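All chains are named by letter (A, B, ...) in the order of the sequence lines, taking the proteins before the strands, and each is independently numbered beginning at 1. All figures in this text were calculated on a predicted structure; none of them were measured in a lab. When reading the values below, keep in mind they use all heavy atoms of this one structure, side chains included, and skip hydrogens, waters and symmetry mates.
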Number of protein chains: 2
Amino acid sequence: MNLEQIAKLSGVSRSTVSRVINNDPNVSVATREKVMQVVKRVNYTPNAAARGLAAGRTHVLGLVIPMGVAALFTDPYFPILIQGVSSACNAREYSVMLWLAEPEYERRQIRQIMYSGLVDGVIVSSMLMNDSLVQALSDGDLPFMLVGRHPTDTHANYVDADNIGGAREAVTHLLRLGRARVATITGPQNMIAGADRLAGYQAALRDRGLLSDPGLIAEGDFTEAGGYRAMQQLLARRPDAVFAASDIMALGAIRALREAGLRVPEDVAIVGFDDLPQSTRAEPPLTTVRQPTYRLGTTTVDSLLDLIEYPDSSPRRIVLPTELVVRASCGSALK
Amino acid sequence: MNLEQIAKLSGVSRSTVSRVINNDPNVSVATREKVMQVVKRVNYTPNAAARGLAAGRTHVLGLVIPMGVAALFTDPYFPILIQGVSSACNAREYSVMLWLAEPEYERRQIRQIMYSGLVDGVIVSSMLMNDSLVQALSDGDLPFMLVGRHPTDTHANYVDADNIGGAREAVTHLLRLGRARVATITGPQNMIAGADRLAGYQAALRDRGLLSDPGLIAEGDFTEAGGYRAMQQLLARRPDAVFAASDIMALGAIRALREAGLRVPEDVAIVGFDDLPQSTRAEPPLTTVRQPTYRLGTTTVDSLLDLIEYPDSSPRRIVLPTELVVRASCGSALK
DNA sequence: CCAAGATGTGGGAGCGCTCCCAAGGACGGG
DNA sequence: CCCGTCCTTGGGAGCGCTCCCACATCTTGG
C-alpha cells in the first residue's frame, strides 16, 4: 500500500495525501478528514526507507554503547539508560538503532553509523577518555550527543550526571560524621566517570582544608572483585571510612572488611555510588549517591532532537544533579 | 558521495560499481580492483535508505522487548540477550532496531514494526501468554522469531531455553539429596517461563512417583520481595527444600528463612534459576540452573536470517539446554 | 469590479540505489 | 570465416516518498 493508492482511494493527489500524513497546515479540513479516513481504514503506514531517501530524515536515532568496558551489563546503568532513550524516542515518534560497539567491527560500524544515512543523529555513551568514534563524529557533520562529558573534546555536546558533585557530597557527609581517615576506591582512571568521582573526593577534602593522602586512594575497576581487592590494599592504612565509586565495589569492600573482622559502619563507614536495587537489601543497607540514569537518557534524546532541528544554536552541556541517599552503612544512625 | 560519483572516479558505470559493492561475481578482476580502490580512498558507504527502497532489503533486524513486565531490567537477562542479538548482527553485517514495547504506544509500534519497511525481520522476546504483537505478526507476513516458546501459536518459530528440563533437573537434584518436602516458588503463571518451570518441578516429582502438594507451591513474581513473601507463606508447611524459579526470588527466600531462624542449607535447601553474577557471592553461594541467554540471542538471529533467506522451509523450533550449577545452597556438601 | 494576495491542490523531478535487459567484445566450433 | 555463446559492461526504469513550482479557486480592498 503506497501513497499513490491512498490518493486514488480518497480521490485526491499523492501530494495532498503526503501533506495530510505530514500534518502540513495547507490542507482543508474536509480533505484532511477524507484522507485520514482512508488511511485509517487500510491501516496505511508510509515506507520509512522511501521517506528517508526523499526527505533526508529517517526519524531514527542511533544509540552507541561501548562493549569494551568489562562488567558492562552487570549493573543496570546501561539497561536503564537504554530505557530512557527508548521511551523518549517513543514519545517523539522516533525509533532507536542500537549499536553495541565491539572493537573488532569498529571501523565498519563507524562508517555505517556516520555515512549510511540510517540515522538522523547519534547518542554515544562515551565512557572512555579517547574514543575513535567520538573523534570521527567530531570531524563529521552528523548531529550527536554524548552521555557523559568528554574531557578533551570541548566542542562536543553532552548530558552528564554530576559525578564530581555527587562524590563531593558523599565524602563531605562522611567527614561531617567525624570520620578522619576517609579512603576512596576509585573507578578506572581512563573512564571519565571514574576520574570525576575521584576529583569529587579530592574536592571534598580540599573544602575542609585536608590534604589527600595517596595511600588512601586505591584504584578499582567497577567490579565486586575489584572493590574487594582495593579494600584489602587499603586495610593496612587503617581508614575509618571509604567512599567507593560504585555500589558494586562498595559491596566488595564490605566483604573484605568483614573478612578482616571489621564492622560496618562502626569501624569503617562506607558510601557507594549508583544506588543499585540490591543496595537497599545489602547488609548493612548502603548509603549511596543516586544518579538520574533514566533522565540522562530522556534528556539526551530531547537535546539531540533539538540539535537536529536547530543545528547552529549554542552548545548543549547539561549536568543533572545527583542525590545522596542515606542508609545505614555510613553510620549516620550511630550518632 | 554516491554510486554515480564513484563510477565517474573509477571510469566505469554505476551498475558496475553496484556489482562490486554487492560482490556480484560478474565483474572482471581488474575492474573490481579498480573500483575497490576508489571506494576505499573516498571511504564510500552506500546509502542504506536508497538500498532498502530499491532492493526491499534493509539489512536491519528489529528486536522487540516488552516493557510491561515489572522488574524488567533488574536482572541481566535482557541486557545479555540484547548483547547476543547485537553481536550476531554485527557479525552478519546487520544492524539492530530496538523497540521497548510500551503499552501506550502499542498500536503505533506494531504498525511501524510491520509495515514501515524498516526491518527485514523481527525478534520478539515473548514473555506473556498472549501478546497482541505476536498475534499481528502471525497474521502478517514479516519474518519473525520468538525468544521463548509460544504456547498457543503453534505456527510461530522460536528459540527457547529448556525451562522445563532445567527445573526438572534442579528438583531431581534436591530429591536425590534426600529432601522429602520440596516446595517451589514459581514465576508469574501468565509468563511462559514461569509456567514451564513449574511444569518441570511437577515432572520431577512425578518421575519419582510423588504427588505434588498444592500447599508447597507459592506464586512469586520474579522479584526479591516476591520471593521473600512466597517463602513466608511456605514456612507454615515446613518444607525442607525450595526450588525458586529465579535466583532473585531465591535470594528473597533465603532472607525470609534467615529471619525465621532457619539455616540454609541445613534446615532448608535452596536451588534457584538463572545464575546471576551475584549468586556466586550469595551467602551461601547459590545452586542454580544456568541458561544460555547469550546464545539464545545469537541463535535467534541466525535462525531469523535463515528464515528470511529461505522462507518456505520447515518450522524452526530450537530448545537450548540448561545446566545445573551446584554450589552450597542445595546442601550437596552436607552428605 | 478587478487586481492582488491568500488558500488549497496537482504533478514533475529527483533522492541513491537495484534489477533487468541489451549490447559489445572475445572466443571457439563447425 | 561466420555465427552462437559466454563474459562483462552500460543504461533505463522504478522503488515510494518529499519538495517545489504552477495553477485554480476564493477573498479582500480600493
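Heavy atoms of other residues, nucleotides or ligands lying less than 6.0 angstrom from CD of Q5(A) number more than 12. The number of heavy-atom neighbours closer than 6.0 Å to CZ of R108(A), taken from other residues, nucleotides and ligands shown, is above 12. Enclosure of atom CZ in R111(B) by more than 12 non-hydrogen atoms of other residues, nucleotides or ligands within 6.0 angstrom is indicated. Heavy atoms of other residues, nucleotides or ligands lying less than 6.0 angstrom from CG of D141(B) number 12 at most.
The side chain of N47(A) places no N or O atom within less than 4.0 Å of a non-bridging phosphate oxygen (OP1 or OP2) of dG16(D). For the pair Y44(A) and dC17(D), the criterion of a side-chain N or O lying under 4.0 Å from OP1 or OP2 is met.
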Provide a list of protein-nucleic acid N or O atom pairs under 3.5 angstrom, restricted to nucleotides 7-11 of chain C.
residue: dT9(C); atom: OP1; partner: S28(A); partner atom: OG; Å: 3.2
residue: dT9(C); atom: OP1; partner: T31(A); partner atom: OG1; Å: 2.4
residue: dT9(C); atom: OP2; partner: S28(A); partner atom: N; Å: 3.1
residue: dT9(C); atom: OP2; partner: T31(A); partner atom: OG1; Å: 3.4
residue: dG10(C); atom: OP2; partner: S13(A); partner atom: N; Å: 2.8
residue: dG10(C); atom: OP2; partner: S13(A); partner atom: OG; Å: 3.1
residue: dG10(C); atom: OP2; partner: T16(A); partner atom: OG1; Å: 2.8
residue: dG10(C); atom: N7; partner: R19(A); partner atom: NH2; Å: 2.9
residue: dG10(C); atom: O6; partner: R19(A); partner atom: NH1; Å: 3.4
residue: dG11(C); atom: N7; partner: S15(A); partner atom: OG; Å: 2.6
residue: dG11(C); atom: O6; partner: S15(A); partner atom: OG; Å: 2.4

What pairs of nitrogen or oxygen atoms, one from the protein and one from nucleotides 26-28 of chain C, lie under 3.5 Å apart?
none

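The interatomic distance linking E4(A) (CD) with dG16(D) (P) rounds to 10 Å, in whole Å.
Of the listed nucleotides (dT18(C), dG16(D), dT18(D)), dG16(D) has the atom at the smallest distance from the side chain of L53(B).
Comparing A50(A) and N22(B) by the nucleotide of DNA chain C whose heavy atom lies nearest to each, the residue mapping closer to the 5' end is A50(A).
With contacts defined as side-chain heavy-atom distances shorter than 4.5 Å, the pair W99(B)/V96(A) does not qualify.
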